[in-house]
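Notes to accompany the following structure.
Computed from heavy atoms alone, side chains included, the values below leave out hydrogens, waters and symmetry copies. Along the sequence shown, residues are numbered consecutively beginning with 1.
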Amino acid sequence: MHTHPVRRRIVLGAAVAAGATASLATAAGPAAAAGFGWSDDGANYVIDTGAGLVFKVSRTTGDLTSLLYKGKEYEGYGGKHSHVESGLGASTVSLRQIGSAILVTVVHGTLRHYYAARSGRNNVYLWTDKADTSFTATRFIARLKPGVFPNTGPDSWVEGADTVIEAGDVWRRADGQTRSKHYSGVRVMDYDHIGYTTGTVGLWMIRSNHEKASGGPFYRSLLRHSNELGVGLYEILHYNQSQTEPMRFGLQGPYLLVFTDGGTPDPALFAANHDTGWVDGLGIPGWVGAAGRGRVAGVGLRNMDPAHPYTIGFANADAQYWTRAADGTGAFSCRNMLPGVYTLTVYKGELAVHTAQVTVTAGTATALHTITITGDPSTAPAIWRLGDWDGTPAGFKNAALMTYAHPADVRAAAWTGNVVVGSGDPSGSVPCYLWKDVNDGFLVYFRLTAAQAAAAHTLRIGVTTAFLNGRPRVTVNDTWVSAIPSPPTQPSTRSLTTGSYRGNNHTFTYSVPASAWRADPSQYNVVRLNVVSGSTGTGFLSPGTALDCVDLLV
């Protein structure tokens with residue numbers, strides 16, 4: 001990253017422009033000179049960072065219309081520019097220069113969007129403030145020219161050669177592998193930046209802290225896409241795709257577009273590290289600086305399973321945060337939180353195993369004593385258990401592939417086939433997803449001792465999401481059939497085919513009477529899982545569900 005001092009003539013121009021409206025600042029003249037400053041080309045505000053990046057913002061729509069880095073244009077494809085949502089249209093756009101920063105404000109109805117530049121930094125800083133549901137999604141898409149960056153990865157495809165296999169956004173290549181803009185394969189807590197590099201130039205989107213986003217730490221959404229027609233980088237806060245929470249409102253940011261000389265961005269710009277004290281003086285409505293925020297710190301967790309990571313989440317109607325618990329002790333700390341009362345959730349993997357309430361106060365740290373975990377279903381003794389209770393399909397067949405590929409991908413193992421408990425790797429033989437029109441009637445074979453067969457037992461099936469209200473109905477030995485369970489609340493959009501198994505974790509519980517079991521210990525008992533739903537569909541878009549764990553309790 002290059003750093004240049006603010007040139008004297010630009011400082012003098014800034015003194016005239018600071019706090020002025022765009023029309024007054026335009027007359028300042030010196031700000032249009034080389035180096036850090038800005039000008040007006042009649043259609044756009046032209047902002048020069050003084051370090052190699054010059055970007056333009058439309059004065060009529062607020063679109064980002066140019067990203068010129070070291071003389072090369074990177075912005076725009078298909079006649080479209082970079083913008084909030086799919087473009088705001090006619091908007092009120094103004095500019096102010098505040099010392100060594102320039103702020104552009106875009107107002108469209110109840111939505112406000114901001115761009116900022118800092119002297120000597122090749123970054124575009126962005127904020128979005130949505131006040132209501134007049135927009136159904138919250139995203140910014142940076143549209144980049146085709147052919148500049150490598151067209152590789154699970155989120156890349158070739159429209160002129162590949163075949164659409166689902167909804168216009170899932171593609172099959174000639175080799176049978178699948179591609180989609182949905183196939184990021186990454187949870188929001190697992191990335192700080194996303195982008196592309198040629199080896200000599202890198203262009204990256206650094207995400208915000210997502211405090212006004214929806215879905216929590218494990219949410220997956222569009223991050224980027226590329227094809228021969230163009231490239232997209234996304235900051236998505238609410239997308240109506242596998243969403244598990246209502247939309248949150250208010251100011252979100254900064255998130256950044258960052259140019260580098262080919263390497264990854266400076267970690268000091270990541271949301272957890274970014275010193276945003278410089279933003280305090282910009283006068284952005286709704287901005288809460290460090291002094292107006294608090295912290296929660298916990299001594300640790302008791303009853304952790306060392307085989308799994310633990311995450312601490314905080315959420316209320318206005319904000320969400322998360323932090324990782326330390327291995328071994330479970331100690332945690334979450335900084336820069338808005339004041340308020342939050343639901344604290346302890347996640348084993350992605351499964352909630354403890355909840356409590358915690359109050360955050362500005363300027364102080366809330367200290368918590370050791371939290372004892374009592375809600376882990378894995379502690380219940382089981383005759384057999386397929387998978388593990390961690391809120392994910394991990395360990396089941398095809399689970400590792402499904403966050404970056406379609407179920408029809410050539411790399412997927414057969415979705416059909418049954419499992420015998422006690423033989424080979426039974427969990428690895430269980431398909432991670434069950435569909436009514438693909439692998440309905442999946443069978444689990446197992447033996448019981450005479451004593452076990454003489455008693456009633458509880459069968460549990462944990463799921464992580466469902467499509468079209470698909471849920472399991474159980475038949476035991478073709479003699480006992482469970483009632484049809486009520487569908488839990490799940491996202492209404494596609495999920496299993498768009499790289500997301502994350503919905504609302506739910507456990508179905510079935511009380512199987514002793515009369516259902518085979519008394520002969522040498523005989524196999526057979527449990528059949530059928531997917532039931534009041535909706536219909538075909539193939540991988542038929543009613544389905546994602547498995548977390550299946551067990552038979554002692």
Side-chain angles (χ1 to χ4, degrees), residues 55-58 61-69 72-88 113 115 123-124 126 128 135-162 164 166-171 173 178-186 188 191-198 201-208 210 213 219-242 252-253 255-260 264-265 403-404 494 498-500:
F55 66 93
K56 297 180 182 181
V57 178
S58 168
T61 65
D63 284 3
L64 184 65
T65 59
S66 174
L67 287 167
L68 193 71
Y69 180 62
K72 182 179 179 65
E73 181 62 68
Y74 288 83
E75 197 280 331
Y77 69 77
K80 297 181 179 180
H81 290 297
S82 306
H83 40 221
V84 179
E85 314 296 55
S86 297
L88 298 176
H113 182 69
Y115 303 91
N123 311 327
V124 183
L126 306 99
T128 303
F135 285 91
T136 59
T138 312
R139 74 168 185 177
F140 186 90
I141 176 171
R143 301 184 189 273
L144 310 177
K145 288 188 175 300
V148 177
F149 296 106
N151 188 35
T152 59
D155 45 19
S156 69
W157 63 93
V158 179
E159 294 206 3
D162 299 338
V164 175
E166 182 180 298
D169 59 11
V170 181
W171 302 75
R173 312 214 73 175
T178 52
R179 300 286 190 269
S180 176
K181 63 184 180 180
H182 299 287
Y183 296 155
S184 69
V186 180
V188 68
Y191 79 98
D192 295 294
H193 64 282
I194 191 73
Y196 296 91
T197 180
T198 65
V201 175
L203 178 50
W204 313 93
M205 177 76 80
I206 297 179
R207 70 165 176 83
S208 65
H210 276 227
Y219 182 64
R220 299 172 190 266
S221 189
L222 284 67
L223 300 184
R224 66 176 201 175
H225 82 266
S226 67
N227 55 54
E228 77 274 25
L229 304 180
V231 171
L233 291 178
Y234 300 88
E235 165 76 335
I236 289 185
L237 306 173
H238 190 93
Y239 194 58
N240 292 331
Q241 186 76 40
S242 291
Q252 177 67 68
Y255 50 101
L256 289 72
L257 282 171
V258 175
F259 279 93
T260 70
T264 55
T403 58
Y404 60 91
R494 288 179 297 157
T498 56
S500 179

Nearest heavy-atom pair of [X] and [Y]: which atoms, and what distance?
X	Y	answer
Val170	Tyr183	CG1-OH, 3.6 Å
Gly253	Ser208	CA-CB, 4.0 Å
Ile206	Val258	CD1-CG2, 3.7 Å
Leu257	Met205	CD2-CE, 4.0 Å
Glu85	Thr138	OE1-CA, 3.4 Å
Val231	Lys145	CG2-O, 4.2 Å

Between [X] and [Y] (side chain of the first, backbone of the second, donor and acceptor by atom type, cut-off under 3.5 Å), is there such a pair?
X	Y	answer
Tyr115	Gly62	yes
Glu159	Glu228	no
Arg224	Gly195	yes
Arg143	Gly230	no
Asn240	Thr136	yes

Could you state the interatomic distance from [atom1] ([X]) to [atom2] ([Y]), rounded to the nearest 0.5 Å?
X	Y	atom1	atom2	result
Ser226	Lys181	OG	NZ	13.0 Å
Gln241	Leu222	CD	CG	7.5 Å
Leu223	Arg207	CG	CZ	10.0 Å
Asn227	Ser156	CG	OG	8.5 Å
Asp155	Tyr404	CG	OH	13.0 Å
Leu64	His83	CG	NE2	10.5 Å

Within-4.5 Å side-chain heavy-atom neighbours: [X] and [Y]:
X	Y	answer
Val201	Phe259	yes
Tyr255	Thr128	yes
Val124	Leu67	yes
Thr198	Phe149	yes
Val188	Arg220	no
Leu126	Val84	no
Tyr69	Glu75	no
Leu68	Glu73	yes

Residues passing the side-chain contact (heavy atoms from CB on, under 4.5 Å) test with Thr65, sequence neighbours excluded, are Asn44, Lys56, Ser58, Asp63, His81
According to side-chain contact (heavy atoms from CB on, under 4.5 Å), who are the partners of Ser86, at least two apart in sequence or on a separate chain? Arg139
For a side chain to side chain contact (heavy atoms under 4.5 Å, CB included) check, start with the C-alpha distance between Tyr77 and Leu229, then their side-chain angles and the critical distance, and finish with the verdict. CA-CA 7 Å; Tyr77 69 77; Leu229 304 180; 5.5 Å; no
Between Asp169 and Ser180, does any side-chain donor sit less than 3.5 Å from a side-chain acceptor? no
Taking atom types as modelled and ignoring hydrogens, do the side chains of His210 and Glu235 form a donor-acceptor contact shorter than 3.5 angstrom? yes
What orientation do His225 and Tyr234 show, parallel under 30°, tilted 30 to 60°, or perpendicular over 60°? tilted
Would the His113 and Phe140 ring centres measure less than 6.0 Å apart? yes
Kindly indicate, with the supporting measurements, whether the criterion side chain to side chain contact (heavy atoms under 4.5 Å, CB included) is fulfilled by Leu144 and Leu203. CA-CA 10 Å; Leu144 310 177; Leu203 178 50; 3.5 Å; yes
Take Val148 and Lys72, measure what side chain to side chain contact (heavy atoms under 4.5 Å, CB included) needs, and give me the verdict at the end. CA-CA 10 Å; Val148 177; Lys72 182 179 179 65; 4.2 Å; yes
Tell me, with the steps shown, if Arg173 and Val158 meet side chain to side chain contact (heavy atoms under 4.5 Å, CB included). CA-CA 8 Å; Arg173 312 214 73 175; Val158 179; 2.9 Å; yes
